[in-house]
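Computed from a predicted structure; not experimentally measured. Count residues from 1 along the sequence.
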Amino acid sequence: MNILEILKVLVLGIVEGFTEWLPISSTGHMILVDEIIHLSQPAAFKNMFLVVIQLGAILAVVVLYFDKLNPFSLKKKPAQTKATLVLWSKIILACMPAAIIGFLVDDILDEYLMNGYVVAATLIIYGVLFLVIESRNQYKTFDVQKVGDISYQTALYVGLFQLLALIPGTSRSGATILGAMILGCSRAASAEFSFFLGIPVMFGASLLKVVKYGSNFSGSQIFYLILGMVVAFVVSIYAIKFLMGYIRQHDFKFFGYYRIVLGTVVILYFGISAVIGL
């Protein structure tokens, strides 16, 4: 087992945990960080690792929102149980477009769009969109204040926005939060619904990668995968709490500026690397 590889996995787990739930693109950050630190593993394992590590981040949402998402809690009254089941039906409905389209185009995305230039472009584009939409929302009163008030129609439309996140660098949370706000949901409701959508979507994406690449990996590789998931889980707990606390007092403009700056840095990095032959 390689100590340097363990350190790289720790870094990737931290990056995944921080960026999965913030609207700044976890996959984009993972691709960019790997370009710099170069996880020294076969392509098949690396492609699976960069997706399956997200299971740790998913578990953070499950733990933090377990009572809210568990329809079988003995603490809940019948009306609350029904409301939770209705919420899950909306989550599943919203996930259907990404599940179907993602399955069909997964190989194409891996082959043609998993690169730094695509990530840079989407970082900047959606950064600008965050600034534009939040400027428009400055004095707006949102129609939907709680995640439970999101209608089936709105849930489906948010699911269509989630399709945009199939392009690396877009950010699944960024696309769904933007979409939900455009459709009249408050920042808190948009963020929570985005968290909940991540559970089936990321479980499905991880399962797809495991089926595609198999599980015939060495003991050290399995250790790297588990370690990355654990680190992502712990960091995600703090990232989710931070975001929900932050948006109670602020809008998403900071993340828009961050995306634009990072996208510009990425373009410069890959441009300079290409010129000097790195």
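V61 places a side-chain heavy atom less than 4.5 Å from the side chain of W21. Put simply, the side chain of E5 does not reach to within 4.5 Å of the side chain of S220, judged on heavy atoms. Looking at heavy atoms from C-beta onward, M48 lies in side-chain contact with F217 at the 4.5 angstrom threshold. Looking only at side-chain heavy atoms (C-beta outward), V158 and L197 come within less than 4.5 Å of each other. Here the side chains of L225 and M229 are in contact, with some heavy-atom distance below 4.5 Å. Side chains of F193 and I91 form a contact here, defined as non-hydrogen atoms less than 4.5 Å apart. With contacts defined as side-chain heavy-atom distances shorter than 4.5 Å, the pair I199/L69 qualifies. Side chains of Y224 and K8 form no contact here, defined as non-hydrogen atoms less than 4.5 Å apart.
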Evaluation steps, side chain to side chain contact (heavy atoms under 4.5 Å, CB included), between I150 and C185: CA-CA 8 Å; I150 294 175; C185 300; 4.0 Å; yes

Side chain to side chain contact (heavy atoms under 4.5 Å, CB included) between T84 and N70, worked out: CA-CA 7 Å; T84 305; N70 178 18; over 6 Å; no

Side chain to side chain contact (heavy atoms under 4.5 Å, CB included) evaluation trace for L123 with I260: CA-CA 6 Å; L123 280 170; I260 293 169; over 6 Å; no

Trace of the side chain to side chain donor-acceptor pair (under 3.5 Å) decision for S151 with T154: CA-CA 5 Å; S151 68; T154 299; 3.0 Å; yes

Residues V9, F223; criterion side chain to side chain contact (heavy atoms under 4.5 Å, CB included); working and verdict: CA-CA 10 Å; V9 168; F223 172 77; over 6 Å; no

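Listed here is the closest heavy atom pair of Q221 and P42: NE2-CD, 3.5 Å. When all heavy atoms of E16 and A57 are compared, the closest pair comes out as OE2-CB, 3.8 Å. When all heavy atoms are compared, the tightest approach of Q80 to K75 is OE1-O, 4.1 Å. The heavy-atom pair separating L164 from A175 by the smallest distance is CB-CB, 4.3 Å. When all heavy atoms are compared, the tightest approach of L12 to M30 is O-SD, 3.4 Å. Closest of all the heavy-atom pairs between L156 and P97 is CD1-CG, 4.2 Å.
The environment of CZ in F242 is crowded: more than 12 heavy-atom neighbours from other residues, nucleotides or ligands sit within 6.0 Å. Annotation: F233, atom CZ; neighbour count of heavy atoms from other residues, nucleotides and ligands within 6.0 Å is above 12. Surrounding NZ of K140 are more than 12 heavy atoms belonging to other residues, nucleotides or ligands, all under 6.0 Å away.
Aromatic ring orientation, H250 versus Y246: parallel (interplanar angle below 30°, classes split at 30° and 60°). Using cut-offs of 30° and 60° on the angle between ring planes, the pair Y117 and F270 is tilted.
Results of the side-chain hydrogen bond (donor to acceptor under 3.5 Å, both in side chains) test with E20 over S173, S236, S26 single out S26 as the only residue that passes.
Hydrophobic clustering (ILVMFWY, side-chain heavy atoms < 4.5 Å, transitive): I125 and I24 are in one cluster. In the hydrophobic cluster analysis, where Ile, Leu, Val, Met, Phe, Trp and Tyr join through side-chain heavy atoms closer than 4.5 angstrom, F161 is grouped apart from V128. When the side chains of ILVMFWY residues are joined at heavy-atom separations under 4.5 Å, either directly or via intervening members, Y126 and I267 end up in two distinct hydrophobic clusters. In the hydrophobic clustering of ILVMFWY residues, with side-chain heavy atoms under 4.5 Å counting as a link, V261 and L129 come out apart. Under the 4.5 Å side-chain heavy-atom criterion for grouping Ile, Leu, Val, Met, Phe, Trp and Tyr, V52 is connected to F203 within one hydrophobic cluster.
Proximity of a side-chain donor or acceptor of S186 to a complementary backbone N or O of Q145 within less than 3.5 Å is detected. In terms of modelled atom types and a separation under 3.5 Å, the side chain of R187 and the main chain of I177 share no donor-acceptor contact. A donor-acceptor contact shorter than 3.5 Å links the side chain of R248 to the backbone of M244. Judged by distance alone, the side chain of N137 and the main-chain N or O of M181 form no donor-acceptor pair under 3.5 Å.
Using a 4.0 Å cut-off between a side-chain N of Lys or Arg and a carboxylate O of Asp or Glu, E192 and K68 qualify as a salt bridge.
Judged purely by distance below 3.5 Å, without hydrogens or angles, the side chains of Y152 and S89 pair a donor atom with an acceptor atom. Donor-acceptor pairing under 3.5 Å is lacking for the side chains of S25 and S171.
Aromatic rings of F252 and F130 (six-membered ring for Trp) have centroids within the 6.0 Å cut-off, being under it.
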